[in-house]
Amino acid sequence: MTDSQNPSLTEAELTVIVISYNTRDMTLTAIRSLYETTKNVAINVVVFDNASSDGSAEAVAEAFPQARVIASPDNLGFAKANNVVASEVETEWLLLLNPDTECHPGAVDNLMAFAQARPQAGIWGGRTVFPDGSLNIASCWMRITPWSLLCRSLGLSTLFPKSELLNSEAIGGWQRDTVREVDIVVGCFLLIKRSLWNELDGFDLRYFMYGEEADLCLRAAKQGYRPAITPDAQIMHVVGAASKTRGDKILLVTKARATLVRDHWPAALVPLGLVLMWIAVGVRTLGLGLLAKLRGGRWVDRATAQTEVWRARRDWLVGY
């Protein structure tokens, strides 16, 4: 592992951790936007590159000599890479930022101000949008519940995506335009105090990719914290830039969800949760397969990816 570090880093209050993997151009843009839009908070930036083959580490080190770049010879995954960096951080605050993001003006400054005004949250996040400016709901979620899985297994969350009752995990209909407590702040833009991170022992390393921030937030909630979102801290997030294929991502997400059910549901309800997941994936596979036959086009690729997940059900039902 090689480590490029500028010894003249400013005395900072916040360390921004970026985990990159074959996202060179996006990582450069993300860091550039971070520096350009952060005016009131003194930051250190640490980029941990997970054995990229596209020259990410070298490009970042050359473009931003003020940042610390760690070039790992191995892909440690999102969770372990963050843990490695966080274990060496000395600032009071940590911000996890994805490489496929762009900070909008005041995003980090406003998020820090929000956190300082709402300490009981413990974990804080902002609002995310797609490159075209439309809302990307995936900055936060509510936890998986028997009700939410039942709605997924019956297809109700898909049929009524804007219903907060029937699409409860996505908080259907909410535009992320108000301050609100949530169960899960997504790791693409997640602020936490280093003291709480250490108290929680960081990410659970069983979660190689996806689900790790949900587990972290749910463990924080058990200690009385109430994660929260503010619309005043906005970033652009592409989503899934490091995933090789649609099927690859869906499989990892499904495996993470099964693990969250096993870890955070009462033991007596876990079998019910896994059965509902099995039904939900089966129903979605059948539905997309039908759409692929009737409409073709993009539905064929989506059906193929979903079929991969169905065929791997013995793997993901076990979880990580």
Side-chain angles (χ1 to χ4, degrees), residues 14-41 43-50 52 54 56 59-60 63-64 67 78 81-82 93-115 123-141 161-162 169-180 182 184-192 209-210 212-214 217 227-244 246 249 253:
L14 169 68
T15 296
V16 182
I17 304 175
V18 180
I19 309 301
S20 64
Y21 177 67
N22 289 329
T23 52
R24 181 185 60 192
D25 292 342
M26 284 189 289
T27 302
L28 291 170
T29 299
I31 297 172
R32 185 174 297 108
S33 73
L34 171 65
Y35 279 128
E36 290 177 350
T37 61
T38 305
K39 307 295 185 182
N40 302 326
V41 179
I43 62 173
N44 285 342
V45 177
V46 181
V47 178
F48 188 101
D49 186 71
N50 263 325
S52 293
D54 65 351
S56 289
V60 172
F64 304 103
F78 182 77
N82 272 293
W93 301 84
L94 301 176
L95 175 66
L96 310 188
L97 183 70
N98 270 25
D100 55 346
T101 61
E102 292 180 28
C103 290
H104 287 197
V108 174
D109 294 335
N110 293 343
L111 186 59
M112 279 286 287
F114 178 64
I123 297 175
W124 305 266
R127 187 176 192 265
T128 56
V129 296
F130 289 112
D132 65 1
S134 62
L135 175 66
N136 173 0
I137 66 169
S139 63
C140 58
W141 303 95
K162 295 185 178 181
E169 288 181 41
I171 323 174
W174 177 44
Q175 295 296 301
R176 277 61 174 167
D177 53 359
T178 57
V179 170
R180 184 165 180 163
V182 296
I184 299 161
V185 173
V186 174
C188 68
F189 191 47
L190 183 153
L191 179 67
I192 184 172
M209 191 171 185
Y210 302 117
E212 58 283 293
E213 72 270 75
C217 291
I229 290 287
T230 175
D232 296 330
Q234 181 168 291
I235 66 168
M236 185 281 293
H237 185 205
V238 176
V239 182
S243 298
K244 294 180 180 178
R246 180 192 295 269
K249 177 180 178 179
V253 169

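By convention here, the first residue in the shown sequence is residue 1. Note that the structure is a prediction, hence the values are computed from the model and not measured.
- Annotation: side chain of Ile184 is not in contact with side chain of Val182 (no heavy-atom distance under 4.5 Å).
- Note that NE2 of His104 is 9.5 Å distant from CZ of Arg127, once rounded to the nearest 0.5 Å.
- Distance check: Ile19 CD1 to Asn50 CG gives 6.5 Å after rounding to the nearest 0.5 Å.
- Considering CH2 of Trp93 and CG of Leu191, their distance stands at 5.5 Å, rounded to 0.5 Å.
- Residue Pro131 comes nearest to Val238 through the heavy atom pair CG-CG2, 4.4 Å, listed as atom of the first residue, atom of the second, then distance.
- Using modelled atom types, one side-chain atom of Arg176 and one backbone atom of Trp174 make a donor-acceptor pair closer than 3.5 Å.
- Checking side-chain atoms of Ser139 against main-chain N and O of Gly126 turns up a donor-acceptor pair under 3.5 Å.
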Working note: Trp141 + Val186, criterion side-chain contact (heavy atoms from CB on, under 4.5 Å); need CA distance, chi angles, decisive distance, verdict. CA-CA 8 Å; Trp141 303 95; Val186 174; 3.6 Å; yes
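- Of the residues listed (Leu28, Thr27, Val45), the one engaging Phe64 in a side chain to side chain contact (heavy atoms under 4.5 Å, CB included) is Leu28, and it is the only one.
- If you take CG on Asp109 and OG1 on Thr37, they are separated by 7.5 Å, rounding to the nearest 0.5 Å.
- Every ring-ring contact (aromatic ring centres under 6.0 Å, His included) that Phe78 has, sequence neighbours left out, goes to Phe203.
- Applying the salt bridge (charged side-chain N to carboxylate O under 4.0 Å, His left out) rule to Glu102 yields no partners; only residues at least two apart in sequence or on another chain are considered.
- Here the shortest heavy-atom pairing between Ala228 and Val185 reads O-CG2, 4.1 Å.
- A donor-acceptor contact shorter than 3.5 Å is absent between the side chain of Gln234 and the backbone of Asp232.
- Here the CG atom belonging to Leu111 is positioned 10.0 Å from the OG1 atom belonging to Thr38, to the nearest 0.5 angstrom.
- The two residues Cys188 and Thr128 make their nearest non-hydrogen contact at SG-CG2, 4.1 Å.
- Counting only distance, with no hydrogens or angles, the side chain of Asp132 and the backbone of Ser134 share a donor-acceptor pair below 3.5 Å.
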field: Criterion side-chain contact (heavy atoms from CB on, under 4.5 Å) on Tyr35 and Ile43, from CA distance to verdict
entry: CA-CA 9 Å; Tyr35 279 128; Ile43 62 173; 4.1 Å; yes
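- The main-chain N or O of Ser20 is never found under 3.5 Å from a side-chain atom of Thr23 such that the two would form a donor-acceptor pair.
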Before you tell me yes or no, could you show the steps for Ile31 and Val60 under side-chain contact (heavy atoms from CB on, under 4.5 Å), namely the whole-Å CA-CA distance, both residues' side-chain angles and the distance that decides it to 0.1 Å? CA-CA 9 Å; Ile31 297 172; Val60 172; 3.7 Å; yes
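- Nearest approach of Val108 to Leu14, heavy atoms of both residues: CG1-CD2, 3.6 Å.
- Considering only heavy atoms from C-beta on, Val16 comes within 4.5 Å of Leu34 through its side chain.
- A heavy-atom distance below 4.5 Å is not found between the side chains of Met26 and Pro99.
- Smallest separation of non-hydrogen atoms from Cys103 and Ile235: CA-CG2, 3.9 Å.
- To the nearest 0.5 Å, the span separating SG on Cys140 from CZ on Arg180 amounts to 8.5 Å.
- Annotation for Tyr210 and Lys249: closest pair OH-CG, 3.4 Å, computed over non-hydrogen atoms.
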